[in-house]
Amino acid sequence: MADKTFLDWPFFEDHHRALAERLQGWCAANLPVDHGDVDRACKALVASLGEAGFLHYSGGEKLDVRSLCLIRETLARHDGLADFSFAMQGLGMGAVSLFGTPEQRQWLAKTRAGQAIAAFALTEPDSGSDVANIAAEATRAGESYLCKGEKTWISNGGIADVYTVFLRTGEGDGARGLSAFLVPADTAGLEVVERLETIAPHPLARLRFDKMRLPKSAMIGAPGAGFRIAMSVLDVFRPTVGAAALGFARRALDETIGRAGLRRIAGVPLADLQMVQGHIADMALKIDAAALLVYRAAWAKDMGTARISREAAMAKLYATECAQEVIDAAVQIHGGDGVKSGNIVERLYREIRALRIYEGASDVQKIIIARQVLGEKS
Ligand SMILES: Cc1cc2nc3c(=O)[nH]c(=O)nc-3n(C[C@H](O)[C@H](O)[C@H](O)COP(=O)(O)OP(=O)(O)OC[C@H]3O[C@@H](n4cnc5c(N)ncnc54)[C@H](O)[C@@H]3O)c2cc1C
């Protein structure tokens, strides 16, 4: 049973504790799902998370980051695909939640009900960490924008109903010349050109825009504000990536405690061996430290801090790196069974890896932290 004592920390209010308990019950009854067909599984997960009311927390004028983190942590503990399905509704609609017009916000009713799937399209083949290098462009043509270019590594690509897309509109150089757009998946000129397979499969695609025409009203926020919008969305969602990592790590520790109590070596349970106890202590310590950073960042945002770049970067960096170490130790303590296909720790070992890369790789988080500490603007 995962440690719940952190819920008594002063970061939380009673409604957070009630949410965690309700979700835990839902997870126990509904997860994990069959991952055989990830498209189908994700569509069903979005629908059922919506019906159960949990997607209500994924978007809206006031995003409660502590709730987002608690939900991601709990879902990740039970099923990585469930966490992914929840998270993408939030990330995909993040710009609309924070900056959308009333017309654009109408999509939120659908994504929060689980009746529409959302995606966030920032990365390009030649612009990953280097967001300022985005090349896909939207050129003003009368009352509309004509768009061309590519996006890749787009989660939910191929199954999404609506995409938030960041394009170069040219108001300034580099990061100053980007804008955000809300693009329904059935927009003419938007094509899914490739589906991507990864070590922990979920829907992913490369998109192409060719003579894609968007009305002026599709722009989210002001012209040229795209980079600031993207970074504001990532400020909110980076701690939640840390929370997902935390969920994976807690599950790895739970599995390890179970295993160490049952497996006997030289007549004694593994848990009686001090070297194993040392590993378990390290795992528990890393989990608590990660949880403190994740919920510190979430709490700071919820208390009204406008930007939490430093706290968010610390939470994501530390929680994802530690989760990788915790899961690696879990695999080791499971011995051969730890690498056997289908074992929970084997699945966690694959699932954690991408979290150290997406929404800003670990090295990029270090740069953000250093700049903040050194007093530069990020
Ligand atoms: C599973 C998965 C899902 C994703 N989902 C989405 C999505 O939904 N939407 C979306 O827009 N994108 C998504 N991405 C893309 C993701 O955000 C990028 O992969 C990530 O930003 C890194 O970009 P890149 O892959 O181009 O790597 P690169 O930018 O080429 O970076 C490679 C490595 O170089 C190092 N590095 C980079 N910059 C620096 C620097 N300044 N200083 C020092 N070292 C540096 C880091 O170690 C980094 O890992 C997803 C990626 C994955 C793997």
Side-chain angles (χ1 to χ4, degrees), residues 88 91-96 98-100 104 118-158 160 162-198 203-235 237-238 309 354 357-361 363-365 367-368 371 377-378:
M88 285 314 303
L91 184 67
M93 280 289 112
V96 171
L98 298 175
F99 302 99
Q104 291 163 351
F120 177 86
L122 184 67
T123 305
E124 298 181 0
D126 293 322
S127 161
S129 307
D130 185 11
V131 175
N133 198 35
I134 279 179
E137 58 184 11
T139 310
R140 188 69 188 266
E143 288 305 292
S144 54
Y145 285 89
L146 206 53
C147 312
K148 66 171 185 201
E150 281 198 1
K151 294 285 171 187
T152 192
W153 292 111
I154 307 310
S155 296
N156 276 343
V162 62
Y163 295 86
T164 294
V165 182
F166 295 86
L167 298 167
R168 182 159 298 285
T169 40
E171 290 75 13
D173 292 338
R176 285 187 294 274
L178 307 176
S179 301
F181 293 88
L182 191 65
V183 184
D186 58 4
T187 303
L190 164 57
E191 194 189 348
V192 175
V193 285
E194 184 186 3
R195 295 296 301 267
L196 308 172
E197 295 285 332
T198 59
L204 267 176
R206 181 162 61 91
L207 311 177
R208 183 175 298 148
F209 315 123
D210 186 18
K211 299 194 189 81
M212 179 175 81
R213 193 175 285 277
L214 298 176
K216 250 173 38 179
S217 60
M219 187 180 282
I220 306 169
F227 184 79
R228 188 174 62 82
I229 290 172
M231 294 307 125
S232 300
V233 171
L234 291 175
D235 248 19
F237 285 93
R238 273 186 185 138
S309 305
I357 297 172
Y358 64 59
E359 292 188 42
D363 290 330
V364 173
Q365 303 309 318
I367 292 169
I368 294 170
R371 280 189 186 152
K377 284 194 168 168
S378 65

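Not measured: the values here are computed from a predicted model. One-based numbering along the sequence shown.
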Among residues at least two apart in sequence or on other chains, which ones pass side-chain hydrogen bond (donor to acceptor under 3.5 Å, both in side chains) with [X]?
| X | result |
| --- | --- |
| S144 | R213 |
| T169 | E171, S179 |
| E150 | R206, R208 |
| E197 | none |

Does [X] reach the side chain of [Y], with side-chain heavy atoms less than 4.5 Å apart?
| X | Y | value |
| --- | --- | --- |
| E194 | L196 | yes |
| T123 | Y358 | no |
| V183 | F209 | no |
| L91 | V233 | yes |
| I368 | M231 | no |

What distance separates [X] [atom1] from [Y] [atom2], expressed to the nearest 0.5 Å?
| X | Y | atom1 | atom2 | result |
| --- | --- | --- | --- | --- |
| M219 | F99 | CE | CZ | 14.0 Å |
| L207 | M212 | CG | CE | 9.0 Å |
| I220 | I229 | CD1 | CD1 | 6.5 Å |
| W153 | I357 | CH2 | CD1 | 8.0 Å |

Which atoms form the tightest heavy-atom contact between [X] and [Y], and what is the distance?
| X | Y | result |
| --- | --- | --- |
| E124 | F166 | OE2-O, 4.5 Å |
| R195 | A205 | CD-CB, 3.9 Å |
| A230 | L122 | CB-CD1, 4.2 Å |
| G94 | F237 | CA-CE1, 4.2 Å |
| N156 | A118 | ND2-O, 2.9 Å |
| A121 | I154 | CA-CD1, 3.6 Å |

- Message: Check whether R168 reaches the backbone of G174 with its side chain - one donor and one acceptor, N or O, closer than 3.5 Å.
- Response: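 Checking the backbone N and O of G174 against the side chain of R168, a donor-acceptor pair under 3.5 Å is found.
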- Message: Determine whether a donor-acceptor pair (N or O, by modelled atom type, separation under 3.5 Å) exists between the side chain of T164 and the backbone of G92.
- Response: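 Yes.
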Please list every donor-acceptor pair under 3.5 Å in which a side-chain atom of residues 133-140 meets a protein atom from a residue at least two apart or in another chain.
{"residue": "N133", "atom": "ND2", "partner": "D126", "partner atom": "O", "Å": "3.0"}
{"residue": "R140", "atom": "NE", "partner": "G142", "partner atom": "O", "Å": "2.8"}
{"residue": "R140", "atom": "NH2", "partner": "G142", "partner atom": "O", "Å": "3.4"}

- Message: Whether K216 and E143 form a salt bridge (side-chain N of Lys/Arg under 4.0 Å from carboxylate O of Asp/Glu) is what I want to check.
- Response: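 Salt bridge between E143 and K216, a charged N being under 4.0 Å from a carboxylate O: yes.
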- Partners of Y163 by ring-ring contact (aromatic ring centres under 6.0 Å, His included), sequence neighbours excluded?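 Residues passing ring-ring contact (aromatic ring centres under 6.0 Å, His included) with Y163: none at all.
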